[in-house]
**Q** 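Can you read through this structure? Questions will come right after.
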Amino acid sequence: MKTATAYIRVSTEGQVTDGVSLDAQRAKIEAWCLVNDVQMGQVFIDAGISGKRADNRPQLQAALDTVCNDGGVLVVYSLSRLARSTKDTIAISERLDKAGADLVSLSEKLDTTSAAGKMVFRMMAVLAEFERDQVSERTCSAMAHKKSKGERVGEIPFGYDLAADGVTLVENADQLRAIELIHSLKEKGYSLRAIAEALDTAGVTTKKGAKTWNHKSVSNILSRSKAA
């Protein structure tokens, strides 16, 4: 009888979008073991850790070590719990294959004990990353479009206020003059701390209304102007 090594993971984002808690993932894996007459072995849990990288999840590495040593099967609720990139997913698959171990992903009904399962696994990993890349591209395009129309993207930058429509940015004359002062002092060779002190002396308030500036705030404004 093969032994199943369970790996489960949630991040804050994962719990919100998937609604699959640690307990729910474990219960589904235990049910799979019971139905398939597989002995339930150790359970490894990474809680509150992003799946973007495999090498910074200690419990995943421990789970892989365990299943590779006993030649059993690594069972996960879904591929998204295992890895977020094709590179990591394929690397994990190849490591398991070399050790004579298998991988089962319940959501995708994936089982690499068969040649067909291995092929489907690789195809699904590539398609999953392709979908994430598309979402990222659409998000970047939408943000660029909003910025070109003078609409809010993220936090309201120093020099602008939010219009009554809650979307459009309108210039703040006082803050724009402060930006001009910052650039003028920088061109004259003032340090970031000296510029912050000059703003304090001139009575210029920060975006949040504070009367004291720091060098980081000054640096952010200079960097934003270069990127614009």
Side-chain angles (χ1 to χ4, degrees), residues 1-140:
M1 177 185 293
K2 277 198 170 187
T3 300
T5 297
Y7 174 70
I8 58 181
R9 179 187 66 81
V10 293
S11 61
T12 302
E13 178 185 359
Q15 285 180 305
V16 171
T17 58
D18 296 344
V20 183
S21 67
L22 295 172
D23 289 340
Q25 291 180 54
R26 180 169 186 157
K28 290 178 182 295
I29 292 173
E30 289 176 343
W32 179 87
C33 290
L34 183 63
V35 170
N36 291 276
D37 195 27
V38 175
Q39 181 179 342
M40 183 71 173
Q42 296 186 65
V43 178
F44 296 88
I45 302 171
D46 277 321
I49 298 180
S50 169
K52 289 184 178 180
R53 289 171 49 195
D55 59 0
N56 67 343
R57 286 183 278 154
Q59 290 302 296
L60 172 59
Q61 298 306 318
L64 292 172
D65 289 341
T66 298
V67 74
C68 286
N69 287 335
D70 63 26
V73 53
L74 178 66
V75 186
V76 296
Y77 171 74
S78 71
L79 290 181
S80 66
R81 303 301 89 201
L82 181 66
R84 288 287 189 182
S85 73
T86 299
K87 179 181 177 181
D88 283 343
T89 307
I90 297 301
I92 290 171
S93 174
E94 291 176 345
R95 179 178 174 184
L96 293 173
D97 186 53
K98 290 179 180 178
D102 293 304
L103 172 67
V104 169
S105 179
L106 304 182
S107 294
E108 293 83 6
K109 294 181 174 58
L110 180 65
D111 188 339
T112 64
T113 57
S114 68
K118 291 179 181 179
M119 180 190 70
V120 172
F121 170 71
R122 287 175 171 81
M123 291 177 62
M124 293 183 68
V126 172
L127 290 173
E129 186 171 41
F130 175 66
E131 181 180 3
R132 288 192 296 273
D133 288 344
Q134 282 192 313
V135 171
S136 178
E137 286 181 359
R138 287 195 294 268
T139 300
C140 290

**Q** Would you mind reporting whether Leu96 and Leu64 have side-chain heavy atoms less than 4.5 Å apart?
**A** yes
**Q** Test your reading of the model: is there a side-chain donor-acceptor pair from Ser105 to the backbone of Leu110, 3.5 Å cut-off?
**A** no
**Q** Is Ser78 close to Glu108 at the side-chain level, that is, under 4.5 Å between some pair of heavy atoms?
**A** yes
**Q** Heavy atoms, side chains only, cut-off 4.5 Å: are Thr66 and Phe44 in contact?
**A** yes
**Q** Rounded at 0.5 Å granularity, tell me how far CD in Gln39 sits from OG1 in Thr5.
**A** 10.0 Å
**Q** May I ask you to test the Leu60-Asp46 pair for a side-chain heavy-atom distance under 4.5 Å?
**A** yes
**Q** When rounded to the nearest 0.5 angstrom, what is the spacing between CH2 in Trp32 and CG in Asp111?
**A** 6.5 Å
**Q** Tell me if the CZ atom of Arg95 is crowded by more than 12 foreign heavy atoms within 6.0 Å.
**A** yes
**Q** Give a yes or no answer on whether the side chain of Arg26 reaches the backbone of Ser21 with a donor-acceptor pair at less than 3.5 Å.
**A** no
**Q** What's the separation between atom CG in Asp37 and atom NZ in Lys2, rounded to the nearest 0.5 Å?
**A** 13.0 Å
**Q** Carefully, step by step, assess Met40 and Ile29 under the rule side chain to side chain contact (heavy atoms under 4.5 Å, CB included).
**A** CA-CA 9 Å; Met40 183 71 173; Ile29 292 173; 4.0 Å; yes
**Q** Has the side chain of Arg57 got a donor or acceptor atom that lies under 3.5 Å from a matching backbone atom of Leu82?
**A** yes
**Q** With a 4.5 Å cut-off on side-chain heavy atoms, are Leu106 and Gln25 touching?
**A** no
**Q** Mind listing the closest non-hydrogen atom pair of Tyr77 and Lys28 along with its distance?
**A** CE1-CD, 3.1 Å
**Q** How long is the straight-line distance from CD of Gln59 back to CD1 of Ile8, given to the nearest 0.5 Å?
**A** 10.0 Å
**Q** Does Gly72 offer a backbone N or O that forms a donor-acceptor pair with the side chain of Asp70 under 3.5 Å?
**A** yes
**Q** Between OG1 of Thr112 and CG of Asp102, what distance do you get to the nearest 0.5 Å?
**A** 4.5 Å
